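Some notes on the structure that comes next.
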Amino acid sequence: MNSIESQLSDWSARAFREAFPGEDLSVASIGVSPTVDESFGDYQCNAAMGLARILRKKPRDIAQAAIDASGSHPLIAGVEIAGPGFINITLNDSELAGYLENLQADKRLGTPQPGGGRTIVMDYSSPNVAKPMHIGHIRSTVIGNALDRMYRFLGYRVIADNHIGDWGTQFGLLILGYRHFLDRDSMERSPVEELERIYVKSYERSQEDEAWRNQARAELVKLQKGDPENVALWEKFVGLSMSEFEKIYQRLDVSFDVVNGESHYRDCLAGIVDELEEKGHAVESEGAMVVFLDDLKLPPCIVRKSDGGFNYATTDLATIRYRIEKYHPDAIVYVTDERQQLHFRQIFAIAERMGCSSRMEHVWFGLMRLPEGTFSTREGNVIRLERLLDEAVTRALSIVRETSPDMSAEKQEAIAEAVGIGAVKYADLSQHPQSVVTFKWEKALALDGNSAPYLQYACARIASVRDKYAERHPDVDPSDYPVRLDHPMERRLAMRLVRFPEAVTRAANQFKPNILAEYLYEISQAYSTFYQNVPFLKAEDGVRESRMRMCILTESTLRLGLNLLGIKTPDRI
RNA sequence: ACCCCGGUAGCUCAGCUGGAUAGAGCAGCGGACUUCUAAUCCGCAGGCCGCGCGUUCGAAUCGCGCCCGGGGUACCA
């Protein structure tokens, strides 16, 4: 089924084309959008004003001409010209009600699948081995995963690839440090934390001890040449880190199709540089192999260091090459923080020169920082992700215990987990991705107002109403009754529910989950108002059933939407 | 110095390809639980949309300049 907005947009566009044949109308959007104020009707078209200059006519006359040419549409009850030339459209209530009835039967809530099976590789999360995940990793993981889910829903074949940092110069220091500083007890207790401690200590020593530095480099070379002992250690580090990451991903309900870390491409790096050199893209400069991008006003990009080593640019190019050969993607999407913008502009430009024709997209987000400034492992002011999640769940649990004291402890804990984790995720997802986030506990853990629990609460209330209804009217199926939109609050809710396809599509197209989050929040608000002011179960026969249908449709919209954001919806909270 | 972001209510932020009186949440004040879950709802108050100029019938939104904050700028990722 086509969304109401798309049907009306088609109708309006056709009207303008028929009223002004042969004219170029592309300067203005001739579709419709929801009205800014419900007193203007349901949908509005602003094209007449935009076209006034081109058509050299008065906007109101243009609007009138379009309306005259439009013909009727079953969904439309009335059309009016207002102000300078707005065309305001009011929907036919019974058609709207009928549309909602159909919507209830549609699992996709009217959303098309523009992906058509095309492939998108999504690169997100990408933590580093031997470092615990901290709050800086949550944005890439949570935003990336929400985009992943949305694109799958829109019919794309998504390959979620966790490009973990499992290869690089840090392993020389780590191997050396491991042999000297290992504390077996803490390794037993918290392996990744211990690895990090070892690394930091080894790094510090390297700053003042040249012999140490050289030794670390030697260990790195041994690892790269396949020395069995160092390779075994490296594998151990990777394994320990991965199982730690896995725990967090499980709690966050995030999963990947493939985990090809940087090490996966280590044997392709020399080939990439050779190819760049053969094709004349890379040249030697100051002892390094460099691709100059002056024509794009970008600084040069080093693909092989003067010491012969490769860097992340080379790895990323090899990764693109691999992904194209393996998956033939329509697009490759990277979700990383803002600091990598220049890097990806360089990489994309070079990949293009190498013949890559896939669309490449860098979705960047603002860096997370603390009120006192940026954090770094070395300064030791990082907040571990696990701690954030635990804290969130603990706070949620204390509220669950208060509000549902008669519930079993396991149930309380399960709900607290869903609510706490949901709150943390939503705090990120409801914000414009590119805004800079200053981490504050109260904000990340908000459990009221515009927050995940607010949305989850609405779902839980509906589930509860639904159960009570089934209890009292076991033999009645509300779907046998028509939907009626008598109450203004009911109609307001209906007008929001109908907009689901646009919310998802826009959020995905713009890589902005906050668009979907805001939409879901509006639905919950409309529902909460409805719930608080209009009786359902006590309404008369027929009205009761119609309202139950509205509840059920609201529930499926919220559940589907929250699911696309990766947020769980328990039946009670 | 250059490049990329941001500056909207006391605080945290939305604001879609320019559109009608600029919206939420938190905090503040005042109301609503014998009823379908009060993690809720209703009401009040709160704004030279950083500053200036320009484009336009119309600018928080687009362009230019300036101020302030953040990030980046050849061998870390």
Side-chain angles (χ1 to χ4, degrees), chain A residues 28-29 31 33-37 39-40 44 46 49-50 52-53 58-59 82-86 88 126 128 165 168-170 262 285-290 292 297-307 309-313 315-316 336-343 345 364 366-367 369 374 396 399-400 402-404 419 423 430-432 434-438 440 442-443 446-451 453-454 456-458 460-469 472 502-503 506-507 509-510 512 514-515 517-518 521-522 525 528-529 531-539 547 551 572-573:
Chain A
S29 159
S33 54
T35 48
V36 291
D37 186 314
S39 67
F40 299 137
Q44 62 182 74
N46 304 336
M49 282 98 72
R53 167 171 291 240
K58 287 182 188 153
F86 296 102
N88 291 335
S126 314
N128 289 319
T169 49
Q170 74 268 31
E262 291 167 0
S285 170
E286 297 174 33
M289 285 306 290
V290 177
F292 285 95
K297 292 184 179 162
L298 292 173
C301 179
I302 291 178
V303 291
R304 193 178 66 209
K305 301 188 281 183
S306 50
D307 67 1
F310 304 103
N311 55 13
Y312 63 116
T315 305
D316 276 338
T336 82
D337 72 60
E338 58 185 327
R339 291 173 303 183
Q340 304 202 24
Q341 288 176 83
L342 174 57
H343 169 245
R345 273 164 64 192
W364 58 269
L367 203 57
R369 70 201 67 220
T374 50
I399 297 179
V400 178
E402 239 172 75
T403 53
S404 309
V419 169
S430 60
Q431 199 146 161
H432 185 118
Q434 297 179 351
S435 62
V436 172
V437 174
T438 301
K440 292 195 183 107
E442 322 84 73
K443 200 181 149 197
L447 300 174
D448 55 8
N450 186 356
S451 67
Y454 180 87
Q456 291 169 322
Y457 184 61
R461 272 174 153 179
I462 297 171
S464 174
V465 171
R466 194 166 31 74
D467 290 350
K468 285 241 159 61
Y469 179 86
R472 295 183 199 177
E502 279 75 27
R506 251 181 49 221
N509 285 344
Q510 297 179 36
K512 285 171 64 182
N514 70 304
I515 290 175
E518 195 179 335
Y521 179 63
E522 277 178 24
Q525 270 184 319
S528 295
T529 298
Y531 174 92
Q532 204 82 208
N533 294 291
V534 180
F536 305 162
L537 296 180
K538 272 172 239 144
R547 288 185 180 156
C551 284
R572 341 219 129 240
I573 82 164

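On a predicted model such as this, the values are computed, not experimentally measured, just so you know. Letters go in sequence order (proteins before strands), and every chain restarts at 1.
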Discussion item. Let me confirm one number: the CH2-CG distance from A:Trp364 to A:Asp337, rounded to the nearest 0.5 Å.
Written reply: 10.0 Å

Fill in: B:G71 versus B:C29 - spacing of their C1' atoms, nearest Å
41 Å

Worksheet item: Looking at CZ of A:Arg466 and CZ of A:Phe536, how far apart are the two atoms once the value is rounded to the nearest 0.5 Å?
Response: 13.0 Å

Item to complete: Have a look at A:Glu286 and say if it touches a base, only the backbone sugar-phosphate, or nothing, with a 4.0 Å heavy-atom cut-off.
Response: base

Worksheet, complete the sentence: Per atom distances to the A:Asp448 side chain, the nearest of B:G25, B:U40, B:A74 is B:U40

Worksheet item: What's the CG-P distance between A:Asn46 and B:G19, to the nearest Å?
Response: 8 Å

Item to complete: Respond yes when some side-chain nitrogen or oxygen of A:Arg53 is under 4.0 Å from OP1 or OP2 of B:C57, and no when none is.
Response: yes

Worksheet item: Say you pick atom P in B:U12 and the same atom in B:A27; how far apart are they, in whole Å?
Response: 15 Å

Worksheet item: Any side-chain N or O of A:Lys443 less than 4.0 Å from the OP1 or OP2 oxygen of B:C13?
Response: yes

Worksheet item: Hey, is the side chain of A:Arg461 poking within less than 4.0 Å of OP1 or OP2 on B:A38, counting only N and O atoms?
Response: yes

Practice prompt. Choose from B:U35, B:A74, B:U37 the nucleotide whose nearest atom is closest to any side-chain atom of A:Ala460.
Written response: B:U37

Discussion item. Please report the distance separating the C1' of B:G18 from the corresponding atom of B:U56, rounded so that it comes out in whole Å.
Written reply: 9 Å

Practice prompt. Please report, rounded to the nearest Å, how far the P atom of B:A38 is from the OH atom of A:Tyr454.
Written response: 13 Å

Fill in: CG-CD1 distance between A:Asp467 and A:Ile462, expressed to the nearest 0.5 angstrom
12.0 Å

Item to complete: Compare the aromatic ring of A:Phe40 with the six-membered base ring of B:A20 and state whether they stack according to the 5.5 Å and 30° rule.
Response: yes

Practice prompt. Flag the pair A:Thr315 / A:Phe310 as yes when at least one side-chain heavy-atom distance between them is below 4.5 Å, and no otherwise.
Written response: no

Worksheet item: Roughly how far apart, to the nearest Å, are B:G46 and B:G10 at atom C1'?
Response: 9 Å

Worksheet entry | Rounded distance (Å) that lies between atom P of B:A39 and atom CD of A:Glu442 | 21 Å

Discussion item. Among B:U37, B:A74, B:C42, which nucleotide has an atom closest to any side-chain atom of A:Arg572?
Written reply: B:U37

Worksheet item: Quantified in whole Å, what is the P atom distance between nucleotide B:A22 and nucleotide B:G47?
Response: 13 Å

Discussion item. Can you measure A:Glu338 atom CD to B:A77 atom C1' for me and round it to whole angstrom units?
Written reply: 15 Å

Worksheet item: Is B:C42 in the syn range, within 90° of 0, or in the anti range?
Response: anti

Discussion item. Any side-chain to backbone donor/acceptor pair from A:Asn311 onto A:Ile302? Under 3.5 Å, distance only.
Written reply: yes

Practice prompt. Run the numbers on A:Ser528 and A:Tyr454 for side chain to side chain contact (heavy atoms under 4.5 Å, CB included), then give the verdict.
Written response: CA-CA 10 Å; A:Ser528 295; A:Tyr454 180 87; 3.3 Å; yes

Worksheet item: Is A:Tyr457 near enough to B:A39 that one of its side-chain N or O atoms lies under 4.0 angstrom from OP1 or OP2?
Response: yes

Worksheet item: Would you say the side-chain atoms of A:Gln44 pair up with the backbone N or O of A:Phe86, donor to acceptor, closer than 3.5 Å?
Response: no

Practice prompt. Could you work out the separation of B:C13 and B:U55 based on their P atoms and round it to a whole Å?
Written response: 35 Å

Worksheet entry | Side-chain heavy atoms of A:Leu447 within contact of A:Ile399, under 4.5 Å | yes

Fill in: Interatomic distance, A:Gln341 CD vs B:G72 C1' [rounded to whole Å]
8 Å

Worksheet item: Can you name the residues that form a side chain to side chain donor-acceptor pair (under 3.5 Å) with A:Glu518, not counting sequence neighbours?
Response: none

Worksheet entry | Strand RNA chain B as a dot-bracket string - pairs counted if Watson-Crick or G-U with both distances under 3.5 Å, | where the partner lies in another strand | (((((((..((((.....[...)))).(((((.......))))).....(((((..]....))))))))))))....

Worksheet item: When the C1' atoms of B:G30 and B:U34 are considered, how many whole Å apart are they?
Response: 24 Å

Worksheet entry | Selection from B:U12, B:C36, B:U73 that lies nearest to any side-chain heavy atom of A:Phe536 | B:C36

Fill in: Gap between atoms CD and C1', on A:Gln525 and B:A24 respectively (whole Å)
7 Å

Practice prompt. Return the 5'-most residue of the pair A:Ser39, A:Gly287 with respect to RNA chain B, ranking by each residue's nearest nucleotide.
Written response: A:Ser39

Practice prompt. For A:Glu502 and A:Ser33, run side chain to side chain contact (heavy atoms under 4.5 Å, CB included): C-alpha distance rounded to whole Å, both residues' side-chain angles, the deciding distance at 0.1 Å, then the answer.
Written response: CA-CA 10 Å; A:Glu502 279 75 27; A:Ser33 54; over 6 Å; no

Discussion item. B:U12, OP1 or OP2 - any side-chain N/O from A:Thr438 closer than 4.0 Å?
Written reply: no

Worksheet entry | Whole-Å P distance, B:A45 and B:A24 | 13 Å

Worksheet entry | Full working for side chain to side chain contact (heavy atoms under 4.5 Å, CB included) between A:Tyr469 and A:Cys551 | CA-CA 11 Å; A:Tyr469 179 86; A:Cys551 284; over 6 Å; no

Under 3.5 Å, which N/O atoms of the protein pair with N/O atoms of nucleotides 14-16 of chain B?
residue, atom, partner, partner atom, Å
B:A14, OP1, A:His432, N, 3.1
B:A14, O2', A:Glu518, OE1, 2.0
B:A14, O2', A:Glu518, OE2, 3.1
B:G15, OP1, A:Lys512, NZ, 3.1
B:C16, O2, A:Arg506, NH1, 2.7
B:C16, O2, A:Arg506, NH2, 3.3

Worksheet, complete the sentence: Distance col, row A:Gln510:CD vs A:His432:NE2, nearest 0.5 angstrom, shows 9.0 Å

Practice prompt. Look at the side chain of A:Glu262 and decide which nucleotide, out of B:A77, B:G19, B:U37, has an atom nearest to it.
Written response: B:A77

Worksheet item: What do you reckon, do A:Phe86 and the base of B:G19 stack, with centroid distance below 5.5 Å and planes below 30°?
Response: no

Item to complete: Return the nearest nucleotide to the side chain of A:Gln44; candidates are B:C41, B:A20, B:A39.
Response: B:A20

Worksheet item: Please give, in whole Å, the distance from B:A74 C1' to A:Arg304 CZ?
Response: 15 Å

Worksheet item: Hey, does the side chain of A:Ser528 come within less than 4.0 Å of B:U40's phosphate (OP1/OP2), counting only N and O?
Response: no

Worksheet item: Taking the side chain of A:Leu342 as heavy atoms from C-beta outward, which of B:C36, B:G72, B:C5 is closest to it?
Response: B:G72

Practice prompt. Among the candidates B:U37, B:U21, B:C76, find the nucleotide nearest to the side-chain atoms of A:Val465.
Written response: B:U37

Worksheet entry | Atom-pair distance (CD on A:Gln170; C1' on B:A77), nearest Å | 9 Å

Fill in: Minimum-distance nucleotide to A:Asn533 side chain [options: B:C41, B:C36, B:A20]
B:C41

Worksheet item: Nearest of B:A39, B:U40, B:G19 to any side-chain atom of A:Val419?
Response: B:A39

Discussion item. Any base atoms under 4.0 Å from A:Val303, or only sugar-phosphate, or nothing? Heavy atoms, all strands.
Written reply: nothing

Worksheet item: Are side-chain heavy atoms of A:Ser464 and A:Arg572 found at a separation under 4.5 Å?
Response: yes

